[in-house]
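Please read these numbers as outputs of a predicted model, since none were measured by experiment.
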Amino acid sequence: MISANAAKKGAKFTKFAREIQVAAKLGGADPVMNSRLRIAVAAAKAESCPNDTIDRAIRKGAGLEEGLIIEEVTYEGMGPHQVGLMIECQTDNRNRTASSLRGMFNKAKCEMTPVAWMFDRIALVEGKPKGGKVDDPETEAIEAGANDVYSNEDGSYAFTGSPEDLKVIEGVLRERGWEITNSAMSYQPKNPVELTDAQKKDVLEFMQTLDDDDDVSKVFPAAEF
């Protein structure tokens with residue numbers, strides 16, 4: 001049991017390190033100036049990721065230390081019950097990642113095939129309001145230039161908008177006292193597939209199988225849960 005837990009924690013830290021490395025590569029090593037890096041570091045620390053792992057990932061991403069080059073790659077596939085899946089990966093070997101994903105799809109009797117047409121590319125900013133409460137989320141969305149706002153189960157809110165408005169939405173919310181927990185490009189299904197409870201279970205289990213792969217960063221389904 002201990003070794004299994006240790007392996008699971010190690011895999012989680014690996015994913016944190018890769019996100020930090022990619023963020024530093026794209027926006028620089030200073031979390032103050034690099035929003036994506038700041039959020040990635042905060043998420044890693046919240047899960048007790050070691051500081052040396054975080055620092056090493058930043059240095060590698062910024063080119064200050066030698067290491068494998070991590071790149072972001074997106075794959076597409078049709079999962080169980082004809083649910084389209086967009087799969088974002090962070091990998092140092094595209095061939096290995098593609099082969100691994102193909103094996104998982106084949107085992108589930110599913111297919112890797114283009115499904116991007118099922119989604120809209122959007123900006124997604126999530127956060128918590130100052131003091132933990134907000135009187136009118138829609139007003140906050142209007143002020144930030146977001147198109148929509150949704151409440152999450154943990155008390156946070158998700159703001160969505162046009163891809164080019166990502167930094168603007170995040171910046172305005174920060175100025176208005178919001179604690180930003182996520183700011184990234186995302187995929188939103190155009191016409192979410194309706195599923196039964198049993199079908200949802202099948203899709204979620206397959207998504208978990210994909211997510212368990214070290215190279216997989218995020219999985220977006222063309223369905224609502």
Note to self: What verdict does the side-chain contact (heavy atoms from CB on, under 4.5 Å) test give for Leu37 and Ile20, after you've listed the backbone C-alpha separation in whole Å, the side-chain angles of each residue and the deciding distance to 0.1 Å?
What the structure shows: CA-CA 6 Å; Leu37 178 59; Ile20 290 168; 3.7 Å; yes
Notebook entry, point to check: Should Met86 and Val115 be marked as a side-chain contact (heavy atoms from CB on, under 4.5 Å) after you check the CA-CA gap, both sets of side-chain angles, and the distance that decides it?
Noted result: CA-CA 7 Å; Met86 299 297 294; Val115 296; 3.9 Å; yes
May I ask whether [X] and [Y] are part of the same hydrophobic cluster, defined by side-chain heavy atoms of I, L, V, M, F, W, Y residues being less than 4.5 angstrom apart, directly or through others?
| X | Y | value |
| --- | --- | --- |
| Val22 | Ile69 | no |
| Val193 | Met112 | yes |
| Leu204 | Leu210 | yes |
| Val216 | Val203 | yes |
| Ile169 | Leu166 | yes |

Next item on the list: Determine, stepwise, if the pair Asp215 / Arg96 fulfils salt bridge (charged side-chain N to carboxylate O under 4.0 Å, His left out).
Entry: CA-CA 9 Å; Asp215 295 343; Arg96 180 196 65 223; 3.0 Å; yes
Item checked: Intermediate values then yes/no, salt bridge (charged side-chain N to carboxylate O under 4.0 Å, His left out), Lys130 and Glu179 -> CA-CA 7 Å; Lys130 186 176 182 179; Glu179 176 192 351; over 6 Å; no
Next item on the list: Report the C-alpha distance between Leu85 and Phe220 in whole Å, list the side-chain angles of each, state the deciding distance to 0.1 Å, and finish with yes or no for side-chain contact (heavy atoms from CB on, under 4.5 Å).
Entry: CA-CA 6 Å; Leu85 299 171; Phe220 303 92; over 6 Å; no
Heavy atoms only: give me the nearest [X]-[Y] pair and the separation to one decimal.
| X | Y | result |
| --- | --- | --- |
| Phe16 | Ala43 | CZ-O, 3.8 Å |
| Ala17 | Thr53 | CB-CG2, 4.1 Å |
| Ser100 | Asp213 | OG-OD2, 2.6 Å |

Note to self: Suppose we call two aromatic rings close when their centres sit under 6.0 Å apart. Are Phe206 and Phe105 close by that rule?
What the structure shows: yes
Next item on the list: Could you give me the CA-CA distance, side-chain angles and deciding distance for Glu19 and Arg36, then say whether salt bridge (charged side-chain N to carboxylate O under 4.0 Å, His left out) is met?
Entry: CA-CA 9 Å; Glu19 169 61 18; Arg36 179 172 175 177; 2.8 Å; yes
Checklist line | Euclidean distance, Tyr187 OH relative to Met118 CE, rounded to 0.5 Å | finding: 14.5 Å
Checklist line | Separation of Gln82 CD from Leu195 CG (nearest 0.5 Å) | finding: 11.0 Å
Checklist line | Full working for side chain to side chain donor-acceptor pair (under 3.5 Å) between Ser35 and Glu170 | finding: CA-CA 9 Å; Ser35 174; Glu170 179 191 345; 2.2 Å; yes
Margin query: Just checking Leu64: does its CG atom have more than 12 heavy atoms from other residues, nucleotides or ligands closer to it than 6.0 angstrom?
Written below: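 It does: Leu64 CG has more than 12 such atoms within range.
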Note to self: Tell me if the CG atom of Asp52 is crowded by more than 12 foreign heavy atoms within 6.0 Å.
What the structure shows: yes
Next item on the list: Would you check, one step at a time, whether the test salt bridge (charged side-chain N to carboxylate O under 4.0 Å, His left out) holds for Glu88 with Arg18?
Entry: CA-CA 12 Å; Glu88 291 187 347; Arg18 290 186 177 183; over 6 Å; no
Item checked: Asp154-Ser156 side chain donor-acceptor pair, cut-off 3.5 Å ->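 Yes.
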Margin query: Run Asn147 and Thr160 through side chain to side chain donor-acceptor pair (under 3.5 Å) and show every step you take.
Written below: CA-CA 6 Å; Asn147 295 333; Thr160 62; 5.9 Å; no
Margin query: Salt bridge check, Asp212 against Lys15: does any charged N sit closer than 4.0 Å to a carboxylate O?
Written below: no
